[in-house]
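Structure first, then comments.
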2 protein chains.
Amino acid sequence: MSLPHALLTSLAERPGSGSELASRFDRSIGYFWQATHQQIYRELARLEASGWVSSAAVEGARGRKRRYDILPAGLQELARWTGETLDPPAIRDELMVRLRAQGVLEPTALDDRLADMLRHHRQKLEAYQAMERRDFAIAPTRRHQRLQHLVLQAGMDFERQRIAFCEEALAVLGAPD
Amino acid sequence: MSLPHALLTSLAERPGSGSELASRFDRSIGYFWQATHQQIYRELARLEASGWVSSAAVEGARGRKRRYDILPAGLQELARWTGETLDPPAIRDELMVRLRAQGVLEPTALDDRLADMLRHHRQKLEAYQAMERRDFAIAPTRRHQRLQHLVLQAGMDFERQRIAFCEEALAVLGAPD
DNA sequence: TCCACCATGTAATGCGTTACATGATTGA
DNA sequence: TCAATCATGTAACGCATTACATGGTGGA
């Protein structure tokens with residue numbers, strides 16, 4: 001249940017509207033927590049009902065745009081949650097299930113799917129590397145920046161590991177039994 | 001929506017009852033796909049309604065134990081699914097959200113939580129390493145075994161990466177801003 | 001004027017989670 | 001015989017997902 005706190009974090013970094021938050025979830029924050037615009041609007045309404053954010057109509061904007069700001073109570077809640085007990089990550093890796101299934105089956109098109117995955121992860125890695133060149137050309141010294149860099153590096157490590165894994169899996173599937 | 005197929009895979013490897021499947025989800029399969037016994041029983045009923053598995057009461061067993069077997073239609077469905085389009089993994093990493101939140105907050109107890117995580121991942125890595133020593137003392141040559149080994153190695157890589165990450169994050173949080 | 005698009009929202013469905021319940025067997 | 005435990009469920013709820021809907025603005 002981290003979506004409300006991911007939104008609070010994003011609003012603490014910078015106020016914004018629902019659609020702006022949605023686009024942030026397609027970029028930076030979305031790399032480790034995804035949300036659709038439907039989820040975001042519903043959750044923003046709850047955050048406001050809880051007194052953690054305030055909102056105001058944006059004049060001169062397209063549609064019924066509203067700007068959300070985090071309130072002191074929201075910052076307090078965010079700090080409380082950040083230090084709260086943290087559950088280990090819940091892994092749900094469909095690729096592993098399929099590899100295990102392949103082990104009890106005649107050959108399927110799984111190697112094509114692995115090739116797709118390989119392309120996907122290589123593209124993501126390239127995108128992260130471009131971000132790093134752009135935002136962290138010089139190693140940051142402030143804690144805030146160092147944390148963001150660390151998280152980006154974790155994303156790159158994940159993609160690299162995934163690429164190596166797909167390559168090895170393809171080799172195993174291609175080898176004679 | 002991989003739970004039905006994870007169950008089919010497990011039943012294809014070896015028939016078993018709901019409770020046996022539940023205990024497999026606490027061990028081998030559970031390392032990349034988790035499920036509670038409630039989910040498993042509900043899903044087994046659906047698999048049987050779809051004609052993918054059959055079940056029969058186990059005589060002389062405790063309680064109302066039923067043994068489930070995969071049917072030819074179930075194997076066919078498993079093969080279809082294994083070659084089907086595969087979505088990239090959905091990442092939802094609460095730790096990353098908290099680190100990003102910490103970036104806009106005064107210090108919290110997050111470093112204690114990181115220390116907890118570190119212990120957790122070190123224990124999981126040790127457990128995996130014990131499994132590897134026990135099951136893969138000699139490198140397997142059959143595809144089926146090589147795939148299982150590969151998946152186990154992926155689990156170990158994940159834990160190692162996680163350990164390194166927590167250590168670096170603790171270093172960043174401990175350093176002066 | 002009218003179409004495309006932006007911004008926000010509603011509705012339906014399904015999986016996952018948690019709490020609780022029932023029947024049957026073993027062992028003290 | 002009775003408590004503990006095994007095996008199988010039921011029920012309620014919430015988040016995530018998908019499809020669809022509404023209102024307002026800008027540009028052709």
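Proteins get letters first, then strands, A, B, ... in listed order; numbering begins at 1 in each.
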[N] [atom2] sits how many Å from [X] [atom1], rounded?
X       : N      : atom1 : atom2 : value
A:Gln39 : C:dC15 : CD    : C1'   : 14 Å
A:Asp87 : C:dG16 : CG    : P     : 17 Å
B:His37 : C:dA19 : NE2   : P     : 13 Å
A:Leu47 : C:dT8  : CG    : P     : 15 Å
B:Leu7  : C:dG16 : CG    : C1'   : 14 Å
B:Gln34 : C:dT18 : CD    : P     : 11 Å
B:Ile40 : C:dG16 : CD1   : P     : 11 Å

For A:Tyr68 and B:Ala35, take the nucleotide of DNA chain C holding the closest heavy atom to each; which residue's nucleotide lies nearer the 5' end?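 Of the two residues, A:Tyr68 wins.
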
Positive for salt bridge (Lys or Arg N to Asp or Glu O under 4.0 Å) with A:Glu20, one of A:Lys65, A:Arg14, A:Arg27: A:Lys65

Let me know, please, whether A:Arg64 or A:Arg42 comes out on the 5' side of the other along DNA chain D by nearest nucleotide.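 Going by which nucleotide is closer to the 5' end, it is A:Arg42.
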
Nearest heavy atom decides the nucleotide; on that basis, is A:Trp33 or B:Gly18 closer to the 5' end of DNA chain D?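 Of the two residues, B:Gly18 wins.
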
Find out if a path of hydrophobic residues (ILVMFWY) with successive side-chain heavy-atom gaps under 4.5 Å connects A:Val172 to B:Leu86.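 Per the 4.5 Å side-chain linkage, A:Val172 and B:Leu86 are co-clustered.
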
Nucleotides bounding contact with chain B, strand DNA chain D, heavy-atom threshold 4.0 Å: D:dT5 to D:dT17

In sequence, state the C-alpha distance, the side-chain angles, and the governing distance for A:Gln102 and B:Thr82, and then conclude on side chain to side chain donor-acceptor pair (under 3.5 Å). CA-CA 7 Å; A:Gln102 181 63 89; B:Thr82 301; over 6 Å; no

Let me check I have this right: for DNA chain D, each base becomes ., (, ), [, ] or |, based on Watson-Crick or G-U pairs with both distances under 3.5 Å. What is the full string? ||||||||||||||||||||||||||||

Looking just at side-chain N and O atoms, do B:Ser2 and A:Glu94 make a donor-acceptor pair shorter than 3.5 Å?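 Yes, because at least one side-chain N or O of B:Ser2 sits under 3.5 Å from a partner of the opposite role on A:Glu94.
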
Please work out whether the ring planes of A:His5 and A:Trp52 are parallel, tilted or perpendicular, with thresholds of 30° and 60°. tilted

Using a cut-off of strictly less than 4.0 Å, decide whether A:Arg66 has a side-chain nitrogen or oxygen near OP1 or OP2 of C:dC6. no

Could you give the distance from CG (B:Asp87) to CG (A:Leu95), rounded to the nearest 0.5 Å?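 Separation between the atoms: 12.0 Å.
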
If you take the centroid of each ring, where Trp contributes its six-membered ring, are A:Tyr128 and A:Tyr31 closer together than 6.0 Å? yes

At less than 3.5 Å, do the side-chain atoms of A:Arg92 and the base atoms of C:dG16 form a donor-acceptor pair?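 Checked by distance alone, the answer is no.
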
